[in-house]
Amino acid sequence: MTIEEFWNQAFLAALNRVAAKEAKIEADTATELCILHWQELKYKYYQPPMKWQRQDIGATFIPEHPNDPYPGANPFKVDGDS
């Protein structure tokens, strides 16, 4: 679903309850909340690439808390470490 499709659906849903001017505001708010929600979860399901050495340094995933589990391999583990 594109942002445009989401906004249109939110607008139509709000239009059933409120006037058009208020429906636009509600659709804008719903779209913004949806985008913010998925931006917060962007890295929750992130899978680090197998060859992380070739990854752009600006796109490198490092967990905020090293003791927390995260999906994928540990990029700091050296072969042979236990």
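Applying the side chain to side chain contact (heavy atoms under 4.5 Å, CB included) test to Glu40 and every residue at least two apart in sequence or in another chain returns nothing. Scored by the salt bridge (charged side-chain N to carboxylate O under 4.0 Å, His left out) test, Glu26 finds Arg17 as partners (sequence neighbours excluded). The side-chain hydrogen bond (donor to acceptor under 3.5 Å, both in side chains) check on Asp28 picks up Trp7, with sequence neighbours excluded.
Interatomic distance, Glu22 CD to Thr29 OG1, rounded to the nearest 0.5 Å: 11.5 Å. In this structure, Phe11 CZ and Ile25 CD1 are separated by 11.0 Å, a value rounded to the nearest 0.5 Å.
Here the shortest heavy-atom pairing between Val18 and Ala23 reads CG2-N, 3.6 Å.
Hydrophobic side-chain contacts under 4.5 Å tie Leu36 to no other Ile, Leu, Val, Met, Phe, Trp or Tyr residue. Ile3 shares a hydrophobic cluster with Ile35; the chain of contacts runs through ILVMFWY side chains whose heavy atoms sit under 4.5 Å apart.
Each salt bridge (charged side-chain N to carboxylate O under 4.0 Å, His left out) pair with one or both residues in residues 4-13, not counting sequence neighbours, would appear here, but there are none.
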